[in-house]
Participant: 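One structure, as structure tokens, below. Some questions next.
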Amino acid sequence: RSATSVGAIRFACYQARSFCSGGGGLSAAAATATESAGSSGASLQHADQGVEAGGILNAAKYGGRHHVSLIPGDGIGPELMDSVKTIVNVAGSPIDFEEIPLSAERGTDEDMRRAILSIKRNGVGLKGNLETFEGMTSKNVQLRTKLDLFAYVQRCKSIEGVPSRYSDIDILVIRENTEGEYSQLEHFNVPGVVESFKIITEAKSRQIAKFAFDTAIKTRRHRVTAVHKANIMKLSDGLFLDVCRDVARDYPSIEFNDVIVDNCCMQLVARPQQFDIMVLPNLYGNIIGNIAAGLVGGPGVAAGMNIGRKYAVFEAGTRNSGRSIRGKNIANPSALLLTTADMLEYLGDAEDAKKLRNAVLTVLRSGIRTPDLGGSSNTKEVVDAVVQYLLQVRGH
Amino acid sequence: LCQPSYKMPSHQLLLQLMKRPSQLLQASRGLSAAAAGGTRTVTLIPGDGIGPEISNSVKKIFAAAKVPIAWDEVDVTPVKGPDGQFRIPQKAIDSVNKHGIGLKGPLATPVGKGHRSLNLALRKEFNLYANVRPCRSLEGYPTPYKNVDLVTIRENTEGEYSGIEHIIVDGVVQSIKLITETASRRVAKFAFEFALREGRRKVTAVHKANIMRLSDGLFLKCCREEAHKHPGVEFAEAYLDTVCLNMVQDPTQFDVLVMPNLYGDILSDLCAGLVGGLGVTPSGNIGESGAIFESVHGTAPDIAGKDLANPTALLLSGVMMLRHMQLGEFADRIEKACLDSIGDGRARTKDLGGGATCSQFTDTICSRVA
């Protein structure tokens with residue numbers, strides 16, 4: 001299931017696009033969903049064969065090689081991106097990185113514009129986290145909203161060999177990525193009083209809900225859970241919940257339930273295996289996504305993808321810059337490597353994706369781990385181990 | 001301000017004089033009453049469902065421990081006023097205002113129009129600005145998380161729960177989060193004073209100022225200023241998502257956490273889940289004109305009246321209350337009796353995996369505490 005899930009998510013995105021382009025509204029969307037659900041085997045095969053299938057995405061491919069925008073970011077980003085480039089090279093994956101100099105220090109409007117243009121041109125990006133200093137607007141949020149990357153998807157699955165208090169967790173966290181509390185609309189009402197606006201719209205709620213259900217169908221999962229606080233925020237979260245319920249009616253084969261966010265947190269630490277797909281507004285997605293990532297091993301092994309109708313940007317799941325461990329050679333490269341594997345799958349290179357993912361999981365299983373996972377190896381040792389594994393596999 | 005009718009030791013007098021007037025008033029009430037051999041009266045709100053039976057357990061245990069407290073039981077079920085509006089009965093309000101301290105069981109949410117959330121009404125009435133929830137691993141009720149010992153302090157009056165929402169146009173809703181300097185400073189000050197009083201070494205402000213620069217930025221600024229005024233306590237800042245991430249991996253790294261309303265709501269429930277859930281979690285609401293300690297679990301109507309309820313949450317809230325009233329000795333004894341009884345497998349109630357009834361569990365604690 002795991003190998004095809006990224007391809008399935010990409011298709012769910014396609015559904016979202018066809019819905020949003022106004023193709024007759026709900027009935028057309030339902031038709032597309034059922035039609036693709038019926039031929040799900042064939043569609044998933046298409047995912048393996050590459051971007052050519054139906055011209056779904058405008059991911060740049062020149063001479064058979066993918067062009068991917070690379071934003072190293074701050075903190076441990078640059079050093080880990082070097083590892084990614086090395087490993088992609090060794091694995092022989094047909095990827096050329098276009099490096100974009102965007103960081104907390106270097107971040108004028110012009111730099112941001114160039115970064116966005118690059119990702120629009122290439123269609124796919126790989127990014128580290130950009131730090132936000134006091135007085136700055138978050139560049140990460142700007143990227144996501146300007147590229148309309150409306151969904152943030154984190155697959156939180158128990159990893160063999162990674163110490164954790166739980167086993168058998170497999171949660172897909174689907175988080176609305178562009179509105180909600182991250183609207184960045186704030187002002188001083190009078191001195192000493194700040195108003196901050198959280199915006200919830202029906203359109204975006206519907207988009208993310210539909211995406212969640214389409215993903216459920218494509219990945220052959222069974223249940224979607226909406227997380228909210230509609231008992232207190234009756235209008236905003238109430239709208240989100242109502243829309244989710246409405247969309248659920250179009251997917252009778254998928255179970256739907258909802259849970260209040262604070263109860264959800266308690267359930268997650270008591271019995272996380274009860275959750276399948278979770279769909280949430282922006283802030284709760286941030287919280288639950290981090291909790292779920294912590295439950296399966298922490299920031300070092302979490303992968304995340306920002307998905308929009310036309311573009312996708314991959315990053316480490318919990319979006320930390322790792323400022324405190326920069327340059328110490330102890331950062332865990334697994335998160336970025338796993339998200340690179342997801343990116344390869346998204347681009348249609350399922351074989352390469354599987355190879356890379358296996359390499360990382362094998363190394364994790366073998367006990368070569370960085371300190372965040374309780375091990376004593378450093379970054380270079382982990383990277384070398386992955387390289388060794390890939391060379392062995394290539395040798396065959 | 002107060003004329004003690006006995007000779008207070010001078011160092012205690014000095015300590016009292018350094019505190020805020022309201023605290024001084026409360027403390028003097030308590031001291032003079034207790035010192036005069038009298039009892040201090042506390043408002044008791046048994047609540048609904050299992051509320052009455054667990055309140056009885058608490059009363060029984062306090063009596064067995066000979067705690068110098070008298071109970072003034074009141075009912076907060078809303079009554080219809082002359083204007084048709086439902087309100088908390090005046091008797092209840094007067095009681096809490098008079099005594100300054102309350103212990104409250106679970107309240108059922110009234111269904112139907114015209115009933116404002118009772119908890120909200122109580123909070124507004126007594127201006128309860130800080131919600132304090134200690135989370136400690138219970139020996140004898142193990143969870144996957146060991147040695148948890150932290151306290152979440154949550155701003156309880158504003159933030160995301162201001163209830164200000166508008167429909168801007170069809171399909172677009174705006175919800176307003178309000179952060180004020182006054183409220184932020186007040187809760188930050190309380191957090192540091194609490195840390196000092198309880199012998200805690202570190203206060204961490206939890207925020208999302210990278211995203212909500214002005215609102216959480218203001219909250220953070222107030223925390224920083226209070227940190228400067230309380231150099232005896234270590235201060236740290238952390239992003240909410242990082243705290244959540246680290247909390248489920250290693251909760252022992254946290255001590256006291258202070259944060260705005262929504263984050264506090266979520267994080268305090270997360271922490272309660274780490275140590276066993278709401279059935280064993282105490283909670284205190286501190287206000288400028290009083291404090292109300294409560295159990296935060298539901299009314300459990302399905303087991304009400306069947307002697308199956310677990311009084312631990314309410315009892316531990318009562319222990320928090322005793323500490324607040326500076327009856328720490330009694331607090332320690334009762335807490336130890338309660339935790340030891342939970343540790344003894346046979347004495348536990350059903351929800352904790354034991355087979356005892358509520359009365360049996362209560363009697364076990366009484367025998368331990370007498």
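Numbers restart at 1 for each chain; the letters A, B, ... are given by sequence-line order, proteins then strands. We use all heavy atoms of the structure for the numbers below, so side chains are in, but hydrogens, waters and symmetry mates are not.
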Participant: With a 4.5 Å cut-off on heavy-atom pairs, point out which of A/Glu131, A/Gln267, A/Met136 contacts chain B the most.
Facilitator: A/Met136

Participant: Please check if any side-chain donor atom of B/Lys177 sits under 3.5 Å from a side-chain acceptor atom of B/Asn261, or the reverse.
Facilitator: no

Participant: Any side-chain donor paired with an acceptor under 3.5 Å for B/Glu158 and B/Thr180?
Facilitator: yes

Participant: A/Ala270, A/Pro299, A/Ser138, A/Ala293: which one forms the most heavy-atom pairs within less than 4.5 Å of chain B?
Facilitator: A/Pro299

Participant: Considering only heavy atoms and a distance below 4.5 Å, find which of A/Asn263, A/Ile200, A/Leu185 pairs most often with chain B.
Facilitator: A/Ile200

Participant: I'd like to know if the side chain of A/Asn282 pairs up with that of A/Glu181 as donor and acceptor (distance under 3.5 Å, no hydrogens or angles considered).
Facilitator: no

Participant: Less than 6.0 angstrom from the centroid, inside 45 degrees of the normal: does A/Arg319 satisfy that with respect to the ring of A/Tyr152?
Facilitator: yes

Participant: Under a 4.5 Å heavy-atom cutoff, which of A/Val190, A/Asn320, A/Ile199, A/Asp237 has the most pairs with chain B?
Facilitator: A/Ile199

Participant: Identify which part of A/Ile288 has an atom lying under 4.5 Å from any heavy atom of chain B, answering side chain, backbone, both or neither.
Facilitator: neither

Participant: Under 4.5 Å heavy-atom distance to chain A, tell me which part of B/Lys221 shows up: side chain, backbone, both or neither.
Facilitator: neither

Participant: For chain B, which candidate among A/Val269, A/Val193, A/Leu235 shows the most heavy-atom pairs at distances under 4.5 Å?
Facilitator: A/Leu235

Participant: Looking just at side-chain N and O atoms, do B/Asn285 and B/Lys104 make a donor-acceptor pair shorter than 3.5 Å?
Facilitator: no

Participant: Using a strict 4.0 Å threshold on nitrogen-to-oxygen distance, state whether B/Asp265 and B/Arg154 make a salt bridge.
Facilitator: yes

Participant: Does any heavy atom of chain A fall under 4.5 Å from the side chain of B/Leu240, the backbone, both, or neither of them?
Facilitator: side chain

Participant: At a 4.5 Å cut-off on heavy atoms, which part of A/Tyr166 comes close to chain B: side chain, backbone, both, or neither?
Facilitator: side chain

Participant: Testing the basics here: between A/Asn332 and A/Ser334, what is the closest heavy-atom pair and its distance to 0.1 Å?
Facilitator: OD1-OG, 2.6 Å

Participant: Give, as side chain, backbone, both or neither, the part of A/Ser183 having an atom under 4.5 angstrom from any heavy atom of chain B.
Facilitator: neither

Participant: Need one label for A/Ile291: side chain, backbone, both or neither, based on atoms under 4.5 Å from any heavy atom in chain B.
Facilitator: both

Participant: Flag the one option from B/Asp216, B/Ile266, B/Ile211 with the top tally of heavy-atom pairs under 4.5 Å to chain A.
Facilitator: B/Ile211

Participant: Going by distance alone, is a donor N or O of one side chain under 3.5 Å from an acceptor N or O of the other, for B/Thr157 and B/Glu155?
Facilitator: yes

Participant: Check whether B/Tyr239 gets within reach of chain A through its side chain, its backbone, both or neither, counting any heavy atom under 4.5 Å.
Facilitator: side chain

Participant: Please find the pair of heavy atoms, one from A/Val173 and one from A/Gly289, that lie closest to each other, and give the distance.
Facilitator: CG1-CA, 4.2 Å

Participant: Using non-hydrogen atoms and a 4.5 Å limit, figure out which bit of A/Phe240 sits close to chain B: side chain, backbone, both or neither.
Facilitator: neither

Participant: Could you tell me which portion of B/Leu218 (side chain, backbone, both or neither) has an atom closer than 4.5 angstrom to a non-hydrogen atom of chain A?
Facilitator: side chain

Participant: Could you have a look at A/Lys234, A/Glu186, A/Lys204 and say which one has the most heavy-atom pairs with chain B under 4.5 angstrom?
Facilitator: A/Glu186

Participant: Which residue out of B/Leu278, B/Leu214, B/Leu270 racks up the most heavy-atom pairs below 4.5 Å with chain A?
Facilitator: B/Leu214

Participant: What do you reckon, are the aromatic ring centroids of B/Tyr263 and B/His207 less than 6.0 Å apart?
Facilitator: no

Participant: Under a 4.5 Å heavy-atom cut-off, does chain A meet the side chain of B/Leu267, its backbone, both or neither?
Facilitator: neither

Participant: Whether A/Arg175 engages the ring of A/Tyr182 as a cation-pi pair (distance to the six-membered ring centre under 6.0 angstrom, angle to the ring normal within 45°) should be assessed.
Facilitator: yes

